[in-house]
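In what follows, a structure is listed as structure tokens, so that the remarks can point back to it.
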Amino acid sequence: MKYLNKTKFALVAIASVITSVGAMAQSAYPCPTVKIISPYPPAGTTDILSRLLAPGLSKELGTTVIVENKAGASSNIGTEYVANAPPDGCTLLLGNNTGVVINRNLYKLRTDPVKGLTPVIEVASVPLVLYVNTTVPATNLNQLVDEVKKNPGKYSYASGGSGSPQHLMGEMLKLEKQLDITHIPYKGQGPALADVIAGQVQMAFETTTAIAAQLNSGRIRPLATTGSVRTKGLENVPTMKELGYNNFVIENWYGIFAPAKTPAPLVQRLNQELNKVMKSPEVAASLAKMGSSDVAGSAEQFNQFVQKELPYWESLVKRSGAKVD
């Protein structure tokens, strides 16, 4: 009888916990306004993704969700802002591999993003495109390499900031092909793209998301992509791996982060609602159009992914010889 009573008590306790967790999942979100911090200027991939997710997240949480750009220092300003925000689920970061796992190898940061942030969900993973201004006399990668070698010091390449994958790929190309080419860092992808289009800088690596609207404009020419396979919508553009550049198989990934010590129930609630948003027909179609891999998943899966990325990008920074400009 005592055993049965204890068993009954345990079952009641478990049911109570399940009920309370379920009630929390259905309760009103505790923030009148949720801010998604995009640590880059408007028009870049993080800004595009932030504004793609915000309306759906607002609907699912039943609260106002706004996007705020806090650009500068290769995303360090916005990333640090979120890492130091109250862990109440009201301030989130749309971060990427640059700000979260790469910059810690290049900058003396006051806050380590890996320790200061809690992964919530991966939202996109897209390859880079090596593209040139159409005045550059090269229609493929080998021609570009030959042209740069014939004219040492004449050409420059843009990036959205020192330490970004775009910067690392440029330095890797310089290193592998012994090219005399200058890195011009910008405060985000939008300004970098604008200057390549204007011919102020001749080339850049950039995400398919950021340059999608310009690919058919006739003002830039894609030469190669960094995906493991050819990118949807750019099937006529070869991968760098196809061309013999085996060290150039990477994707730029993006995710939602909360400040460290954000309560687990809030992290799980955000993950649950963002999974719904990403699976909605409109958002899923937009992500596919951007060339994003199918990601999402649990907060724990994203955390494990970030931890595995740390040694990879540390090694790539060292191999590329990249320095902060």
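Quick note: residue numbers are just sequence positions, from 1. Remember, predicted model here, so these are calculated numbers, not experimental data.
Side-chain atoms of Ser156 and His183 include no donor-acceptor pair closer than 3.5 Å. Side-chain N/O atoms of Tyr29 and Glu60 include no donor and acceptor closer than 3.5 Å. Of the N and O atoms on the side chains of Gln143 and Thr139, at least one donor lies less than 3.5 Å from an acceptor on the other residue. Between the side chains of Asp146 and Asn142, no donor-acceptor pair of N or O atoms lies under 3.5 Å. Side-chain contact, Asn252 with Tyr254: a donor N or O sits under 3.5 Å from an acceptor N or O. No side-chain N or O of Tyr186 forms a donor-acceptor pair with one of Gln166 less than 3.5 Å apart. In summary, the side chains of Ser74 and Asn76 do not present any donor paired with an acceptor at a separation below 3.5 Å, with no hydrogens or angles considered. Residues Ser75 and Thr98 have side chains that never bring a donor and an acceptor to within less than 3.5 angstrom of each other. There is a side-chain donor-acceptor pair under 3.5 Å between Glu176 and Asn247.
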Residues Glu206, Leu193; criterion side-chain contact (heavy atoms from CB on, under 4.5 Å); working and verdict: CA-CA 8 Å; Glu206 194 46 86; Leu193 173 60; 5.6 Å; no

Residues Phe205, Met240; criterion side-chain contact (heavy atoms from CB on, under 4.5 Å); working and verdict: CA-CA 12 Å; Phe205 282 90; Met240 294 191 74; 3.7 Å; yes

Worked check of side-chain contact (heavy atoms from CB on, under 4.5 Å) between Val100 and Phe257: CA-CA 10 Å; Val100 179; Phe257 294 83; 3.8 Å; yes

Working for side-chain hydrogen bond (donor to acceptor under 3.5 Å, both in side chains), residues Thr64 and Thr33: CA-CA 5 Å; Thr64 301; Thr33 300; 4.8 Å; no

Check against side-chain contact (heavy atoms from CB on, under 4.5 Å), Arg269 and Leu61: CA-CA 9 Å; Arg269 174 79 181 274; Leu61 292 178; 4.2 Å; yes

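Checking side-chain atoms of Glu309 against main-chain N and O of Val101 turns up no donor-acceptor pair under 3.5 Å. The closest donor-acceptor contact from the side chain of Ser320 to the backbone of Leu316 lies under 3.5 Å. Using modelled atom types, one side-chain atom of Gln301 and one backbone atom of Ser298 make a donor-acceptor pair closer than 3.5 Å. Side-chain atoms of Ser286 come within 3.5 Å of backbone atoms of Glu282 as a donor-acceptor pair (strictly under, hydrogens ignored). In terms of modelled atom types and a separation under 3.5 Å, the side chain of Thr111 and the main chain of Pro113 share no donor-acceptor contact. Under the 3.5 Å distance criterion, the side-chain polar atoms of Arg221 are matched with a main-chain donor or acceptor of Ala138. Checking side-chain atoms of Thr262 against main-chain N and O of Ala258 turns up no donor-acceptor pair under 3.5 Å. Asn303 contributes no side-chain N or O that, together with a main-chain N or O of Ala299, makes up a donor-acceptor pair within less than 3.5 Å.
No chain of hydrophobic side-chain contacts below 4.5 Å, direct or via other Ile, Leu, Val, Met, Phe, Trp or Tyr residues, connects Leu223 to Val201. There is a path of hydrophobic side-chain contacts, each under 4.5 Å, that joins Val114 to Tyr81. Hydrophobic clustering keeps Ile211 apart from Tyr40 (ILVMFWY residues linked when any side-chain heavy atoms are closer than 4.5 Å, directly or through intermediates). Criterion: ILVMFWY side-chain heavy atoms under 4.5 Å apart, direct or through other members. Under it, Val317 and Tyr312 are part of a common hydrophobic cluster. Side-chain heavy atoms closer than 4.5 Å link hydrophobic residues (I, L, V, M, F, W, Y) into clusters, and following such links, possibly through other members, connects Val324 to Met172.
For the pair Lys174 and Glu171, the salt-bridge criterion is met [side-chain N within less than 4.0 Å of a carboxylate O]. At a threshold of 4.0 Å, the pair Lys70-Glu68 counts as salt-bridged, since one of the basic side-chain nitrogens sits closer than that to a carboxylate oxygen.
Nearest approach of Pro238 to Leu243, heavy atoms of both residues: CG-CD1, 4.0 Å. Closest heavy-atom contact between Val67 and Ala54: CG2-CB, 4.0 Å. Between Ala322 and Leu168, the closest heavy-atom pair is CB-CD2, 3.4 Å. Nearest heavy-atom pair across Ala204 and Ala158 is CB-O, 3.4 Å. Nearest heavy atoms, Ser38 versus Thr46: OG-OG1, 3.2 Å. Contact detail for Ser162 and Ser159: the closest heavy-atom pair is N-OG, 4.3 Å.
Interatomic distance, CD of Glu273 versus CE of Met278, reported as 14.0 Å (0.5 Å rounding). Atoms CZ and CG, from Arg51 and Asn69 in turn, are 5.0 Å apart once rounded to the nearest 0.5 Å. Rounding to the nearest 0.5 Å gives a distance of 5.0 Å between CG of Leu49 and CE of Met290. To the nearest 0.5 Å, the span separating CD1 on Ile102 from NE2 on His167 amounts to 10.5 Å. Distance check: Gln202 CD to Tyr155 OH gives 7.0 Å after rounding to the nearest 0.5 Å. Atom CG in Asp294 sits 9.0 Å away from atom NZ in Lys279 (nearest 0.5 Å).
Using a 4.5 Å heavy-atom cutoff, the side chains of Thr239 and Val229 are not in contact. Met203 has its side chain out of reach of Val196: every pair of non-hydrogen atoms, C-beta onward, lies at least 4.5 Å apart. Residues Asp180 and Val148 form no side-chain contact, since every pair of their non-hydrogen atoms from C-beta on lies 4.5 Å or further apart. Contact annotation: the side chain of Tyr245 approaches that of Leu173 to within less than 4.5 Å [non-hydrogen atoms, C-beta and beyond]. At least one side-chain heavy atom of Leu287 sits less than 4.5 Å from a side-chain heavy atom of Leu52. Taking 4.5 Å as the limit, every side-chain heavy atom of Trp313 sits out of range of all side-chain heavy atoms of Lys318. Counting heavy atoms from C-beta outward, Lys149 and Leu179 have side chains that approach closer than 4.5 Å. Contact annotation: the side chain of Pro165 approaches that of Ile250 to within less than 4.5 Å [non-hydrogen atoms, C-beta and beyond].
Taking the six-membered ring where tryptophan is involved, the planes of Phe305 and Phe302 are essentially parallel, since the angle between them stays under 30° and well short of 60°.
Counting heavy-atom neighbours within 6.0 Å of Asn246 CG, excluding the residue itself, gives a total above 12.
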When the side chains of residues 117-131 are checked against the rest of the protein, which donor-acceptor pairs come out under 3.5 Å, sequence neighbours left out?
residue, atom, partner, partner atom, Å
Thr118, OG1, Pro259, O, 3.4
Ser125, OG, Glu251, OE1, 2.6

Show me the side-chain donor-acceptor pairs of residues 82-93 shorter than 3.5 Å, one per line, residues at least two apart or across chains.
residue, atom, partner, partner atom, Å
Asn84, ND2, Glu80, O, 3.3
Asp88, OD1, Cys90, N, 3.0

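A side chain to side chain contact (heavy atoms under 4.5 Å, CB included) with Ile220 is found for exactly one of Leu215, Asn133, Val136, namely Leu215.
A side chain to side chain donor-acceptor pair (under 3.5 Å) check over residues 223-237, counting only residues at least two apart or in different chains, returns the pairs Arg230-Glu242.
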